[in-house]
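Here is how names work: the chains are called A, B, and so on, in the same order as the sequence lines, proteins then strands, and each is numbered from 1. Basis for what follows: all heavy atoms, side chains included, without hydrogens, waters or symmetry-related copies. It should be emphasised that the depicted structure is a prediction, and the values quoted were computed from it without experimental measurement.
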Amino acid sequence: MSNSTGLNERQQEAVLATEGPILVIAGAGSGKTRVLTERIAHLVGDLGIAPWEILAFTFTNKAAREMKDRLERTIPGATESMWVGTFHATGVRILRRHGEAAGVKRDFSIHDADDSAGLVKSILSRHPNDARFIKSPRVLRDIISRMKNDLIPPSLAAQRAVGAGEERVAALYAEYEKELRRQNALDFDDLIMKVVELFAASDEARETYARRFHYVLVDEFQDTNAIQMAMIDGLSSVHRNLFVVGDDDQSIYSWRGARVEHILEFEHLYPGTKVIRLEQNYRSTQTILDAANGVIEHNRGRKGKRLWTDAGAGEKVHISASADDESEALTVIEIVRREVESGTALKEIAILYRTNAQSRALEEALVSHGKIPYQLIGTVKFYERAEVRDVLAYCKAVANPADDISVKRIINVPRRGIGKTTIDQVETWAVEHGMSMTDALRDPGLGLSAAAATRCRQFLEMFDGLRRAAETEVAPHVIDAILKATDYMKYVTEAYPDAEARIENVEELLSKAHGYAEGAEDKSLRAFLEEVALVADVDNMDFDSGQLTLMTLHNAKGLEFSTVVVTGLEEGLFPHYNSIDDPAAVEEERRLFYVGMTRARQRLFLTFAGMRRRMGLMEGGVPSRFLNEIPERCLDAPVDAVYSPPRSMFPSRATSSRWTGGRPFVDEYAQPEAPEDNTDAPESGAGSSGAAYAVGTRVIHDRFGKGIVRRVEGRGEQTRVTVIFDAGGERKFLVQYAPMRPL
DNA sequence: TGGTAGAGGCTTTTT
DNA sequence: GCCTCTACCA
């Protein structure tokens with residue numbers, strides 16, 4: 001066996017077991033990436049398997065690139081014909097070749113999440129009655145996405161619909177699909193789903209791939225959803241050499257349809273599966289592992305494993321409390337400063353948080369401190385900036401003129417006097433006649449006013465010129481032509497006060513296109529767009545630039561750092577409000593915390609704040625239940641000991657907050673509650689004023705007005721009530737502090 | 001048609 | 001607290 005020295009017994013077993021279905025349960029830091037690459041190297045280098053007979057799925061493009069790089073170092077040239085990529089990228093590859101058998105035209109556009117939401121929005125605008133019952137286009141889009149990921153087509157959704165609401169959702173879903181087809185576009189989910197449909201429709205297509213791929217490997221298997229599983233199953237249906245690596249404890253994407261069950265049930269799905277467990281950790285200290293193990297053991301739905309290391313105990317996990325999010329940020333800076341002082345490189349430090357919104361306080365503190373260079377992953381993504389999206393919308397429309405979402409975005413940018421009225425008119429005509437908007441513009445029956453018609457004709461002339469350019473020119477030249485034809489830079493200069501930064505972004509897009517054209521085989525605009533559509537923010541992370549990294553816990557998956565700070569460990573934030581009532585959701589939050597903790601090699605810091613600005617309001621919080629789940633011997637101080645900041649820190653801040661109305665700092669730690677059995681019991685709790693609340697009590701809140709108590713939890717000082725307000729909305733309060741009384 | 005100001009919604013996580 | 005959408009006026 002080549003290059004496999006230094007592997008432990010279990011790892012070697014995983015590398016060498018090449019035939020049949022294999023499930024590797026790989027704990028955090030157990031060297032799974034190494035096993036994956038060694039295994040491929042073994043297949044190619046020792047067994048003489050052709051690279052093009054191997055297919056490997058990774059979670060991000062970055063992971064794919066890294067795997068290829070590692071392989072290239074072992075076996076130069078091996079990865080050229082090997083398929084290593086995300087499910088989405090692989091789906092596109094298959095659909096460009098064989099999509100037509102599933103009704104997918106070759107020049108399809110890829111609609112990203114924003115495009116899809118825009119499409120849903122325009123559908124809802126045609127159904128004002130439905131729009132009233134659906135909170136936002138995004139919500140409906142997410143519902144549709146979930147159905148697609150669960151392999152539910154519109155017809156099945158309609159069949160299964162219970163009640164008028166679900167029937168309408170199914171109908172809107174059907175219309176959404178119809179619109180995508182009219183626009184010759186696929187959304188993210190389609191990139192996988194259409195492959196599954198293709199395989200179902202054409203055995204020939206399926207077998208073409210299944211015969212070719214003798215070995216199929218899947219990384220991060222715990223985060224695959226139903227369509228991905230169906231795709232994997234189809235692709236491995238001939239040779240059945242399916243090798244999946246995952247960790248049920250690190251499943252954090254159930255909200256995207258991912259199913260841990262795929263790991264838990266793999267052995268039943270694929271009889272004869274060999275299961276290999278990797279539990280030796282090569283990353284963290286024993287103390288960090290003990291802390292993480294202690295937390296994750298509170299979950300029920302897991303296969304169960306216990307990570308160990310021979311790296312030694314190391315330092316205790318550090319816990320610190322701050323009065324509010326601003327001082328938490330200062331604490332973080334202080335931690336970073338000391339780490340750097342003691343010789344840790346900035347690029348070896350990561351600050352993690354549950355929600356992107358938390359990055360603001362941290363970033364502001366870093367900016368005013370001014371001496372710590374940092375990179376922020378994931379907030380305003382490059383490809384989501386308005387100016388970048390504008391230029392890309394031109395590209396997409398030029399590559400696929402049926403792409404109405406893109407056409408609508410650019411038809412009046414820069415301003416050319418084609419306003420809302422005209423656009424609506426064109427769109428209505430297009431939808432009614434089943435044609436694209438650009439075709440509708442050419443339709444003599446459209447009947448625009450003379451002035452509007454002239455402007456539209458001018459637009460079309462320019463647009464057609466760009467189309468001709470796209471047929472022959474490489475991507476960067478087409479973008480150049482777009483910028484010139486529209487005088488886009490001049491528009492940006494005039495339209496935005498921060499034009500300079502925006503121009504830089506456009507220039508960066510252009511240079512990305514140049515870079516792409518230099519390396520890629522297919523230099524066409526369409527190919528470039530494909531590349532761009534599938535990159536995630538994580539793909540652009542740079543860990544060699546000597547900067548501190550700030551990102552969400554989700555983004556930290558698969559990474560490791562010498563020092564990790566997990567911030568915002570408060571009930572309601574982590575675990576998040578939206579999860580707190582659902583035990584399964586809390587377990588996922590716990591897994592997310594587990595993922596965060598196990599990113600750390602040497603030192604782990606956990607911080608929380610007594611008050612936090614949330615959507616503009618100050619809200620108080622108690623330490624996360626997760627902190628109490630860490631064995632005390634692993635901590636440098638007991639949670640409740642750090643959680644008693646001097647009261648004097650508070651009044652001035654608290655009284656200035658609109659939300660708390662000067663409520664005092666909660667200074668005792670609230671124990672996580674026993675499973676609640678009093679959900680609807682009319683149990684009363686005593687408020688600070690001695691007022692009693694029961695389910696159904698009418699109340700008045702100083703800020704939110706009148707409402708009715710829906711739920712009472714806890715007792716004594718910890719009594720919390722959930723109130724539905726007449727004005728709409730539902731909120732949970734600690735009775736003791738809420739400016740509220742019974743009516 | 002385009003500009004502006006005020007209201008309202010939003011924030012859980014993303015390929 | 002910020003961003004986006006809408007309504008209204010020029």
Side-chain angles (χ1 to χ4, degrees), chain A residues 57-64 85-92 110-114 116-118 121 125 135-139 141-142 145 148-149 187-192 220 223-225 227-228 251-258 325 352-361 364 377-381 383-384 386 412-424 449 451-452 455 495 533-539 551-557 568 572-580 582 585 588-589 591-593 595-596 612-619 658-659 727-729:
Chain A
F57 288 111
T58 58
F59 196 72
T60 60
N61 296 297
K62 183 167 182 274
T86 62
F87 284 98
H88 295 87
T90 306
V92 171
I110 299 170
H111 278 354
D112 67 14
D114 276 350
S116 303
K121 197 179 159 210
S125 74
K135 270 193 217 144
S136 76
R138 275 221 114 85
V139 170
R141 195 207 75 93
D142 288 347
S145 173
K148 287 184 156 192
N149 282 300
D187 67 15
F188 268 159
D189 304 318
D190 285 337
L191 300 180
I192 301 164
E220 307 282 8
D223 286 320
T224 53
N225 59 35
I227 34 174
Q228 291 166 341
S251 169
I252 55 175
Y253 283 92
S254 73
W255 48 274
R256 211 165 79 187
D325 46 357
L352 308 180
Y353 37 80
R354 178 66 180 83
T355 68
N356 275 310
Q358 288 165 254
S359 68
R360 175 164 295 145
E364 279 170 7
I377 311 295
T379 32
V380 197
K381 296 168 189 160
Y383 290 107
E384 284 174 13
N412 199 33
V413 174
R415 299 257 134 78
R416 45 177 77 89
I418 304 176
K420 194 177 180 312
T421 321
T422 310
I423 294 173
D424 281 350
S449 71
R455 297 189 200 111
L534 299 175
V535 298
D537 211 41
V538 248
D539 295 330
M551 65 186 148
T552 62
L553 286 136
H554 280 88
N555 269 324
K557 173 167 141 167
L573 187 61
F574 197 17
H576 197 271
Y577 292 105
N578 299 1
S579 305
I580 234 158
D582 175 1
E588 177 142 323
E589 298 277 314
R591 290 193 292 269
L592 188 57
F593 184 42
V595 167
R612 186 175 296 277
R613 192 171 281 284
R614 221 180 108 76
M615 281 194 258
L617 302 169
M618 267 309 211
E619 286 185 20
R658 281 185 281 157
W659 171 234

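Nucleotides B/dT13 and C/dT4, compared at atom P, are 15 Å apart to the nearest Å.
One atom, NZ of A/K148, and another, P of B/dT14, lie 21 Å apart when rounded to the nearest Å. Rounded to whole Å, the distance from CG on A/L553 to C1' on B/dT11 is 15 Å. B/dT14 atom P lies 20 Å from atom CD1 of A/I110, rounded to whole Å. For A/W255 and B/dT11, the CH2 to C1' distance is 13 Å, given to the nearest whole Å. Spacing between atom CG of A/N555 and atom C1' of B/dT15 amounts to 11 Å, rounded to whole angstrom units. Taking atom CZ of A/F57 as the reference point, atom P of B/dT15 lies 17 Å away to the nearest angstrom. Taking atom CD of residue A/E619 and atom C1' of nucleotide B/dC10, one finds them 13 Å apart after rounding to whole Å. Here the P atom of nucleotide B/dT14 and the CG atom of A/N225 are 16 Å apart, to the nearest Å.
Nucleic acid contact for A/N356: sugar-phosphate only, since backbone atoms but no base atoms lie under 4.0 Å from a heavy atom of the residue. Using a 4.0 Å heavy-atom distance criterion, A/N412 is classed as a sugar-phosphate-only contact. Within 4.0 Å of A/R415, counting heavy atoms only, lie sugar-phosphate atoms of the nucleic acid but no base atom.
A/D114 has a carboxylate O that lies under 4.0 Å from a charged side-chain N of A/R138, or vice versa, which qualifies the two as a salt bridge. Comment: A/D187 does not engage A/R141 in a salt bridge, judged by the lack of any side-chain N to carboxylate O separation of less than 4.0 angstrom.
The aromatic ring of A/F59 does not sit over the base of B/dT15, since the test of centres under 5.5 Å and planes under 30° is not met.
Here the CG atom belonging to A/L352 is positioned 11.0 Å from the CD1 atom belonging to A/I377, to the nearest 0.5 angstrom.
Of all non-hydrogen atoms in A/F574 and A/L592, the two that sit nearest each other are CZ-C, 4.0 Å. When all heavy atoms are compared, the tightest approach of A/L553 to A/G596 is CD2-CA, 3.6 Å.
Of the candidate nucleotides B/dT1, B/dC10, B/dT14, B/dT1 has the atom nearest to the side chain of A/R455. Listed candidates were B/dT11, C/dC5, B/dT13. Nearest to the side chain of A/K121 is C/dC5. Distance from the side chain of A/R613 is smallest for C/dG1 among the nucleotides B/dT14, C/dG1, C/dC5. Comparing B/dC10, B/dT14, B/dT1 by their nearest atom to the side chain of A/R256 picks out B/dT14. Of the candidate nucleotides B/dT15, C/dC5, B/dT1, B/dT15 has the atom nearest to the side chain of A/H88.
Between A/F87 and A/F57, the ring-plane angle classifies as parallel under the 30° and 60° cut-offs.
Across the interface with DNA chain B, nearest-nucleotide mapping of A/A357 and A/T552 shows A/A357 to be the residue nearer the 5′ end. Along DNA chain B, the nucleotide nearest A/A452 and the nucleotide nearest A/E588 are compared for position; the residue whose nucleotide lies closer to the 5' end is A/A452. Mapping A/R360 and A/K420 onto DNA chain C via the closest heavy atom, the residue that lands nearer the 5' end is A/R360.
In terms of phosphate contacts, A/T421 brings a side-chain nitrogen or oxygen within less than 4.0 Å of OP1 or OP2 of B/dT1.
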